[in-house]
Protein chains: 2
Amino acid sequence: MACPPIEELNLLHNNICQALGDPKRIQILYALNEQPRHVTALADDLGMPQPTVSRHLRVLRQRALVTTQRDGPAVVYQLVDDRLIFVLDEMRQVLRDVLMRQSEVLS
Amino acid sequence: MACPPIEELNLLHNNICQALGDPKRIQILYALNEQPRHVTALADDLGMPQPTVSRHLRVLRQRALVTTQRDGPAVVYQLVDDRLIFVLDEMRQVLRDVLMRQSEVLS
DNA sequence: TTCATGTATTCGCCTATCCGAATACATGAA
DNA sequence: TTCATGTATTCGGATAGGCGAATACATGAA
């Protein structure tokens, strides 16, 4: 039950939490969980400019949350670990519950 | 397996991911999980200035991740839901596994 | 080598957020 | 009411991170 050492919390923050710091990156993670994709396919499917997607993917790649694989001139991105989505889903569930309890108190 | 609607992803981002966007706030969440505390106690235990802690707590409070309770002139903060820590621990575990696999590949 | 396709980066600007220092506010006791 | 304690906010400056537009780079086919 002890707090993890500060170095480990910084690791957690730098590698995962910071990567989740933009809603578009969360959207990209969910999209890649649904199916690995080319950069252009992601951009089309999510309605974002290609450079924007590429920049966000770089952030995710630098933090080792996605992996890449060449396919001719294209690059296929995929999630490095399904559990990232599980964790996001759990956060959504916690949020739902918290907001639910909160609205009950207010009523 | 479909992606959640963008509005829900924004909710998730605004309420939780953004709150995890500073390592000091993660530290505070872990500290509060260990034991609910006054602002000053938190500041002392974590070695942060009181206004800094207070500002971070406001962020957590506005996102409903902590609750408050008056105790004379002091204010006791506590985690709104234990699962927040479970989620953080799971993220740490995923990160450990990913980094482990990565170092195996490199060797 | 040249071109078409697909991806990554750079630039400049703008906004968000952090911090330290100072100060304002809230509570309860005397 | 006044004071001591504890908490919250404001201010200014610094930094980080986002975006659009333009451009550079990489790959494979011809």
Side-chain angles (χ1 to χ4, degrees), chain A residues 6 9-29 31-32 35-80, chain B residues 6 9-29 31-32 35-80:
Chain A
I6 184 68
L9 294 187
N10 282 331
L11 251 169
L12 173 63
H13 171 256
N14 291 333
N15 287 281
I16 298 192
C17 298
Q18 208 170 56
L20 303 179
D22 188 293
K24 291 185 180 176
R25 283 198 289 269
I26 300 179
Q27 212 180 339
I28 288 174
L29 289 176
L32 291 181
Q35 179 180 356
R37 260 176 267 217
H38 294 189
V39 176
T40 302
L42 267 176
D44 290 346
D45 295 348
L46 301 180
M48 305 178 194
Q50 175 267 323
T52 295
V53 173
S54 192
R55 270 187 301 236
H56 284 307
L57 285 172
R58 177 175 51 181
V59 173
L60 297 174
R61 183 166 23 92
Q62 287 172 336
R63 287 159 179 75
L65 303 189
V66 299
T67 58
T68 59
Q69 182 182 352
R70 274 226 164 259
D71 174 25
V75 177
V76 180
Y77 281 79
Q78 67 177 331
L79 266 191
V80 74
Chain B
I6 184 67
L9 294 187
N10 282 330
L11 251 169
L12 173 62
H13 171 257
N14 291 332
N15 287 281
I16 298 193
C17 297
Q18 209 170 55
L20 302 179
D22 188 295
K24 292 184 180 176
R25 284 198 287 271
I26 300 179
Q27 212 181 339
I28 289 173
L29 290 176
L32 292 181
Q35 178 181 357
R37 261 177 267 216
H38 294 188
V39 176
T40 302
L42 267 176
D44 290 345
D45 295 347
L46 301 180
M48 304 178 194
Q50 176 267 324
T52 295
V53 173
S54 192
R55 270 186 300 236
H56 284 307
L57 285 172
R58 177 175 52 181
V59 173
L60 297 173
R61 182 166 23 91
Q62 286 173 336
R63 286 159 179 73
L65 303 189
V66 298
T67 58
T68 59
Q69 182 182 351
R70 274 226 164 259
D71 175 25
V75 178
V76 180
Y77 280 79
Q78 67 176 330
L79 268 191
V80 74

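Labels below follow one simple rule: chain letters A, B, ... track the order of the sequence lines, proteins then strands, and each chain is numbered from 1. In this text, all values refer to a predicted model and were calculated from it rather than measured experimentally. All values below come from the heavy atoms of this structure, side chains included, with hydrogens, waters and symmetry mates left out.
The separation between B/R37 atom CZ and D/dG6 atom C1' is 17 Å, rounded to whole Å. A straight line from CE of A/M48 to P of C/dA8 spans 15 Å, rounded to a whole angstrom. Remark: P of D/dT15 and CG of B/D22 are 16 Å apart, rounded to the nearest angstrom. Rounded to whole angstrom, the span from the CD atom of A/Q69 across to the P atom of C/dG6 amounts to 17 Å.
Contact check, A/H56 against D/dC19: a side-chain N or O comes under 4.0 Å of OP1 or OP2. Within the 4.0 Å cut-off from OP1 or OP2 of C/dC18, not a single side-chain nitrogen or oxygen of B/T52 is found. For the pair B/Q18 and C/dT17, the criterion of a side-chain N or O lying under 4.0 Å from OP1 or OP2 is met.
The CG atom of A/L57 sits 5.0 Å away from atom OH of A/Y77, with the distance rounded to the nearest 0.5 Å.
Residue A/V39 has its side chain nearest to C/dT7 when only C/dC19, C/dT7, D/dC19 are considered. Considering only the side chain of B/R55, C/dC19 comes nearest among D/dG18, D/dG20, C/dC19. The side chain of B/A74 approaches D/dT7 more closely than any other nucleotide in the set C/dA8, C/dA21, D/dT7. Of the candidate nucleotides C/dT9, C/dT7, C/dG20, C/dT7 has the atom lying nearest to any side-chain atom of A/V75. Distance from the side chain of A/P73 is smallest for D/dT27 among the nucleotides D/dG17, D/dT7, D/dT27. For A/Q50, taking side-chain heavy atoms from C-beta onward, the closest of the listed nucleotides D/dG6, C/dG20, C/dA8 is C/dA8. Listed nucleotides D/dA8, D/dG18, C/dG6 differ in distance to B/Y77; the shortest reach to its side chain belongs to D/dA8.
Between A/L20 and A/R25, every side-chain heavy-atom pair lies at or beyond the 4.5 Å cut-off. A heavy-atom distance below 4.5 Å is found between the side chains of B/T68 and B/R61.
D/dA26 is paired with C/dT5 under the Watson-Crick or G-U wobble criterion, all donor-acceptor distances under 3.5 Å. Base pairing of C/dT17: its partner is D/dA14, meeting the Watson-Crick or G-U wobble criterion (both donor-acceptor distances under 3.5 Å). Base pairing of C/dT10 is made with D/dA21, judged by Watson-Crick or G-U wobble geometry with both donor-acceptor distances under 3.5 Å.
In this structure, B/A41 and A/R25 both approach DNA chain D, and ranking their closest nucleotides by distance from the 5' end singles out B/A41. When the nearest nucleotides of DNA chain D are assigned to A/D71 and A/P51 by heavy-atom distance, the more 5′-ward of the two goes with A/P51.
Counting atom types as modelled, B/R58 pairs no side-chain N or O with a base atom of D/dT7 as donor and acceptor under 3.5 Å.
Under 3.5 Å, the side chains of B/D22 and A/H13 contain no donor-acceptor pair of N or O atoms.
Across all strands shown, B/S54 has heavy atoms under 4.0 Å from base atoms, whether or not it also approaches the sugar-phosphate.
Annotation: side-chain contact (heavy atoms from CB on, under 4.5 Å) contacts of B/P49 (sequence neighbours excluded): B/P51, B/T52.
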